[in-house]
Amino acid sequence: MPKPARAAEAPPQADPASLRALQRPAGAEGPELTLRKLRAFWAVAHAQSLTEAAKLLGIAQPSLSQQIIGIEQGLGLALFERRSNRMELTEAGKLMLRKAEHVLRGMQELEDSLAAFGSGQRHPLRLAGIESLLRTILPEALARLEAGFRQMDCDLMEGAPADILEMLYSRRADIGLLAANSISEASTGFLQIPMLDDPMVLAVPEALVLDGIERLEDLPPEGRTVLNASIQIAFGTQHSRRIESWYAGVLPQNRMAARVRSFETALSMVRAGLGVCLVPALAVGAAPGLRLYHAGLAPRRIVALIQPTLRRSGRFDAVLEALQAAGAAVTRPTIHPLPPLLVQA
C-alpha cells in the first residue's frame with residue numbers, strides 16, 4: 001500500500017506588521033524619513049545650531065538647513081523654534097528625538113554586529129576623548145596593555161563632549177572618554193564604564209594663600225582683587241550655570257575677568273596673577289606657579305562610553321581594564337583642603 005504523500009511544508013509566514021513597513025503604496029502621501037535625514041535632525045537637536053551641526057556632519061550649512069525644512073514640511077510639523085542663532089526643539093521635536101535615537105542606535109548596533117561577525121579581522125583602537133584625559137590617563141593605559149594589544153593600530157581623536165558623542169554615533173570611534181557630568185545620560189544610549197572621579201579645584205596664584213582664611217577682609221587688598229576676578233572656561237550651558245552659581249554663592253563680589261576656550265589658557269592667566277579659575281584637577285598637571293584648593297563641588301565622574309554590542313563582543317575588554325587601572329593609579333597635583341572662606345552658606 002503506497003504511503004500517503006507527505007504534505008508540503010508551508011513556507012514561514014511574514015509578520016503582517018513587517019510587511020506593512022516594507023510596502024509603500026504608489027502615490028501615498030507623507031514623509032520618507034531616511035537615516036540620512038534622521039542623522040541630520042539628531043545633529044541639529046544636539047548641537048542646537050545649524051552652524052555647529054553642519055560642522056559635525058561635514059556638510060554645508062545651507063544644505064543642512066534645506067534638509068531640516070524638508071523634514072518639517074514632509075511631516076507638517078515644526079520640529080524647531082528658531083531663536084537668533086539657536087535651534088530649540090518643540091514638543092514635536094522632543095518626541096521625534098526620543099524615537100530617532102532608538103532607530104539610530106538600532107542601526108548602529110546592526111552595523112557593529114555585522115562588523116564583529118568577521119571576528120578574525122584586525123580591528124584598530126579608535127578612541128575619542130577630552131584633552132585632559134588623553135594626556136593623563138591614556139598613555140599609562142596603553143603602556144599597561146599586553147604586547148599583542150600594543151601592536152593594534154590606534155586612532156586617537158581629541159574633542160569636546162558633543163564632538164565625542166557624534167564620533168561614537170557615526171562609528172568613527174569605538175570608545176569615548178569624557179566626564180559623565182558633561183552629557184545628558186538619558187540621551188546617549190551607550191554603556192558608561194566608570195574610570196575615576198576628578199575633583200573640582202579652585203586654582204589661585206601660588207602667592208595667594210587661603211589656608212585658614214575665613215573672611216575676604218582678612219586678605220590684603222591685592223589678594224582680594226585677584227580672588228574677585230575669575231577666568232572662566234566656555235563649557236556647555238549646564239556646567240557654566242553650575243560654575244556661575246558657585247561664584248555667586250561663595251564669592252558674590254567676583255566678576256568675570258575673561259572667558260577662554262581651554263584649561264591651559266585659563267591656568268596661564270591665573271599664574272600671571274590675573275584672577276582665579278575653577279578647573280578639574282586632572283586638567284592642571286604638575287601645577288607650577290599655582291595653589292589648588294578643594295572647591296566643595298561634586299567631582300567630574302570620568303567614564304568610558306561604548307556601544308552595548310561592542311561591550312558584549314569583548315573585543316575591548318583589555319583596553320577598558322587598562323583604562324580603569326590607569327585611572328586608579330593616576331597622580332593628582334597637591335590639593336589643599338577647602339578654606340573656610342570658600343564654604344558655601
Side-chain angles (χ1 to χ4, degrees), residues 46 56 124-145 149-150 152-185 188 190-201 203 233-236 238-240 242-243 260-268 277-287 290 292 294-295 297-307 310-311 316-335:
H46 281 271
L56 289 177
L125 169 60
R126 301 178 301 177
L127 189 147
I130 57 179
E131 187 275 337
S132 60
L133 301 180
L134 294 186
R135 175 170 48 83
T136 55
I137 296 176
L138 192 58
E140 174 68 18
L142 294 177
R144 288 172 177 267
L145 289 172
F149 283 97
R150 289 188 188 177
M152 70 169 64
D153 297 330
C154 291
D155 188 3
L156 309 178
M157 296 159 281
E158 178 186 333
D163 301 325
I164 295 168
L165 282 177
E166 192 277 331
M167 289 185 231
L168 290 168
Y169 271 114
S170 62
R171 297 181 65 244
R172 288 185 289 130
D174 301 307
I175 298 174
L177 201 58
L178 43 67
N181 320 55
S182 62
I183 58 175
S184 172
E185 297 188 28
T188 61
F190 300 99
L191 294 179
Q192 297 190 7
I193 313 299
M195 296 287 118
L196 76 159
D197 285 344
D198 186 14
M200 292 295 294
V201 298
I233 296 101
F235 290 113
Q238 182 178 356
H239 190 66
S240 294
R242 184 179 173 217
I243 297 300
V260 298
R261 299 299 186 273
S262 72
F263 294 125
E264 291 78 8
T265 302
L267 294 173
S268 66
C277 184
L278 278 171
V279 292
L282 288 181
V284 179
L290 299 172
L292 306 180
H294 278 286
L297 286 167
R300 291 198 305 178
R301 188 163 57 86
I302 305 303
V303 297
L305 298 186
I306 187 170
Q307 282 282 354
L310 288 181
R311 187 72 173 99
F316 295 108
D317 282 353
V319 176
L320 293 171
E321 289 171 5
L323 286 169
Q324 287 180 314
V330 70
T331 301
R332 295 183 178 86
T334 301
I335 305 174

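Owing to the predicted nature of the structure, the values given are computational and were not obtained by experimental measurement.
Taking the side chain as every heavy atom from C-beta outward, Ile175 and Leu310 never approach each other to under 4.5 Å. You'll find the side chain of Leu196 reaches within 4.5 Å of the side chain of Ile137, heavy atoms only.
Minimum interatomic distance between Ala283 and Ser132 (heavy atoms only, all atoms of both residues): CA-CB, 4.0 Å. Taking each heavy atom of Val279 and Cys277 in turn, the nearest pair found is CG1-SG, 3.4 Å. For the pair Ala298 and Arg242, the tightest heavy-atom approach, listed with the atom from each and the gap, is O-NH2, 2.6 Å. Looking at every heavy atom in both residues, Ile164 comes nearest to Gly159 through CD1-O, 3.5 Å. Of all heavy-atom pairs spanning Ala179 and Arg300, the tightest one is CB-CD, 3.9 Å. Between Leu145 and Ala322, the closest heavy-atom pair is CD2-CB, 3.7 Å.
Here the CD1-CG distance, from Ile233 to Leu267, works out to 7.0 Å after rounding to the nearest 0.5 Å. Leu305 CG to Arg311 CZ: the interatomic distance, rounded to the nearest 0.5 Å, is 12.5 Å. Atom CG of Leu177 and atom CD of Glu131 lie 12.0 Å apart (nearest 0.5 Å). Note: Gln192 CD to Arg301 CZ = 5.5 Å, rounded to the nearest 0.5 Å. Rounding to the nearest 0.5 Å gives a distance of 6.5 Å between CZ of Phe316 and CD1 of Ile306. The CG atom of Leu323 sits 10.5 Å away from the CZ atom of Arg144 when rounded to the nearest 0.5 Å.
Of the residues listed (Leu127, Leu282, Leu138), the one engaging Leu133 in a side-chain contact (heavy atoms from CB on, under 4.5 Å) is Leu282, and it is the only one.
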| query | Between Asp163 and Met157, does a side-chain contact (heavy atoms from CB on, under 4.5 Å) hold up when you go through it step by step? | reply | CA-CA 10 Å; Asp163 301 325; Met157 296 159 281; over 6 Å; no
| message | Could you go through Leu178 and Val303, starting from their C-alpha distance and side-chain angles, then the distance that decides it, and tell me whether this counts as side-chain contact (heavy atoms from CB on, under 4.5 Å)? | response | CA-CA 6 Å; Leu178 43 67; Val303 297; 4.1 Å; yes
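A salt bridge does not link Asp155 to Arg126: none of the charged side-chain nitrogens sits closer than 4.0 Å to a carboxylate oxygen.
Of the possible polar contacts, none joining the Arg332 side chain to the Asp198 backbone as a donor-acceptor pair under 3.5 Å is found. Side-chain atoms of Gln324 come within 3.5 Å of backbone atoms of Pro194 as a donor-acceptor pair (strictly under, hydrogens ignored).
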